[in-house]
Structure formats: structure tokens, C-alpha cells
J.: 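Pasting in a structure now, in C-alpha cells, and then I'll have a few things to ask.
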Amino acid sequence: MHVVVNAAMSADGKLSTRRREQVTLSGDADFERVDELRASVDAVMVGVGTVLADDPSLTLDDSGHVAAREERGESSHPARVVADSHARTPPDARLLDGAAETYVLVAEAEPVEHRESLEAAGATVVVAGENRVDLPSALDALESRGVDRLMVEGGGELIFSLFAEELVDELSVFVAPQLIGGRDAPTLADGDGFVAEFPTFELTGVDRLDDGVLLAYDCR
């Protein structure tokens with residue numbers, strides 16, 4: 001599986017405020033780029049924290065991209081994936097609207113009734129890992145279901161975990177001309193943080209978009 005992490009952050013590396021409120025960091029040019037990237041993948045993945053904070057739909061905005069996917073014999077929208085160890089995704093979340101296949105990754109320890117509630121809401125539940133989602137196993141399970149190219153949009157905990165497991169192939173980051181600050185504000189890669197053997201990348205592109213800059217890296 002090819003994994004692409006895509007994110008927008010402030011100039012000081014924050015994804016949102018310390019209140020975990022959604023902040024608009026990029027403009028029309030980057031929104032169009034992200035929609036095009038979504039259209040090129042088999043699935044778009046977020047952590048449950050992003051679902052709870054932003055309630056995203058993760059579907060395509062441009063009808064042209066939808067039509068192009070359908071002409072290629074693909075689903076109208078890429079599948080949605082939520083890393084959700086404890087099955088906290090609300091049954092009325094927008095990504096369970098039936099517009100596209102939605103996979104929710106949960107841990108084995110989560111009660112069966114919680115899984116059944118998600119399935120009743122329209123999710124396809126994938127169990128991987130005992131007490132929290134085991135990402136390598138979960139991605140293998142997705143690949144067996146036809147997900148060969150995966151786009152990850154956040155949040156920081158999920159992104160860190162993917163890097164810690166050496167599962168990321170590409171990283172694209174839009175850096176906005178804004179400062180958010182706050183020691184408790186989420187960053188591009190949260191989690192425990194690295195203290196040695198830091199991931200290193202090869203810079204493959206630098207482009208100005210709107211008043212910010214898009215950085216592209218190869219990761220493996």
C-alpha cells in the first residue's frame with residue numbers, strides 16, 4: 001500500500017488551536033489541490049479525534065473529479081477510513097452518510113455491541129489490534145479490500161503513529177502564513193514524540209500556493 005500524509009499547518013506547525021477548534025489554514029488553490037489528491041486515491045483516512053472535532057465528510061467537492069472516477073470504473077468518492085480504537089465515531093457522523101464506503105478500525109477489546117452499533121449506522125468495521133488499533137494489520141486488511149493508495153488527513157496522533165510504524169511513503173504539507181501558538185495545540189505529529197532515530201525525508205517539491213508554501217517529501 002502507498003500511504004500519503006497530507007496536512008495544512010500554521011507557520012509554527014499547529015493543526016488547530018489549543019481548544020481543538022477547526023481553523024481555516026489554506027485557501028482556494030490548496031483546497032483544489034487536496035480535492036484532486038483525494039480523487040486519485042482509493043481511501044481517505046483520519047483519526048477519530050478529527051471526526052469528533054470537525055465532523056468531516058471526506059468526499060470530493062469537484063463534480064469533475066467524481067465524473068472522472070466513475071469513467072474509470074471507480075466509486076464516485078474514495079472510501080473513508082477512521083482509526084477509532086474505542087468505537088467513538090458517532091452514528092450520525094457525516095462520513096456515515098452512505099455517500100461512500102466507510103471503514104472504522106477498532107480494537108479487539110471494544111465491546112461487540114459498540115461494533116454492531118457502527119455497523120448498523122452503515123460502517124464496515126475492521127478489527128485490528130488488542131487494546132488499540134494495530135496500524136500495520138489494519139492497513140493490510142484495507143489492502144485486502146482493494147485499498148492500494150491511502151491518503152491520510154490527520155490528526156497529529158494518527159500521523160505520528162503512522163510515522164512511528166514506518167508506514168508513510170509521501171508527506172505533503174501546506175504551511176500557512178499564520179501563527180497559532182499554544183503548548184497544548186495539536187501539531188503535525190503528536191503522540192509520544194521521537195527521542196532518537198528521527199524520521200528523515202527527501203524534499204521533492206516546493207511551491208507557493210496562495211500566500212503559503214507547499215512542501216512535498218518522499219519518506220521511504
J.: Per the ring pair (Phe, Tyr, Trp, His ring centres under 6.0 Å) rule, what does the pair list look like for residues 28-87, sequence neighbours excluded?
T.: none

J.: What pairs meet the ring pair (Phe, Tyr, Trp, His ring centres under 6.0 Å) rule with one or both residues in residues 138-159, with sequence neighbours excluded?
T.: none

J.: Could you give all pairs that pass the salt bridge (Lys or Arg N to Asp or Glu O under 4.0 Å) test and reach residues 132-146, with sequence neighbours left out?
T.: none

J.: Please name all residues satisfying side chain to side chain donor-acceptor pair (under 3.5 Å) with Asp54, sequence neighbours left out, ordered by chain then number.
T.: none

J.: Using the test side chain to side chain donor-acceptor pair (under 3.5 Å), find all partners of Ser172 that sit at least two apart in sequence or belong to another chain.
T.: Asn6

J.: Filter on ring pair (Phe, Tyr, Trp, His ring centres under 6.0 Å), then keep only pairs touching residues 144-171, sequence neighbours left out; what's left?
T.: Phe160-Phe194, Phe163-Phe201

J.: So which pairs with a foot in residues 66-77 pass salt bridge (Lys or Arg N to Asp or Glu O under 4.0 Å), sequence neighbours left out?
T.: Arg69-Glu74, Arg72-Glu74

J.: Any salt bridge (Lys or Arg N to Asp or Glu O under 4.0 Å) pairs touching residues 96-123, not counting sequence neighbours?
T.: Arg80-Asp97

J.: I need the full list of salt bridge (Lys or Arg N to Asp or Glu O under 4.0 Å) pairs touching residues 182-209, with sequence neighbours left out, sorted by first then second residue.
T.: Arg208-Asp211

J.: Excluding sequence neighbours, so at least two apart, what forms side chain to side chain donor-acceptor pair (under 3.5 Å) with Thr89?
T.: Asp84

J.: Only pairs at least two apart or in different chains count here, so list each side-chain hydrogen bond (donor to acceptor under 3.5 Å, both in side chains) that has a residue in residues 34-43.
T.: Arg38-Glu153

J.: Which residue pairs pass the ring pair (Phe, Tyr, Trp, His ring centres under 6.0 Å) test when at least one of the two sits in residues 172-191, sequence neighbours left out?
T.: none

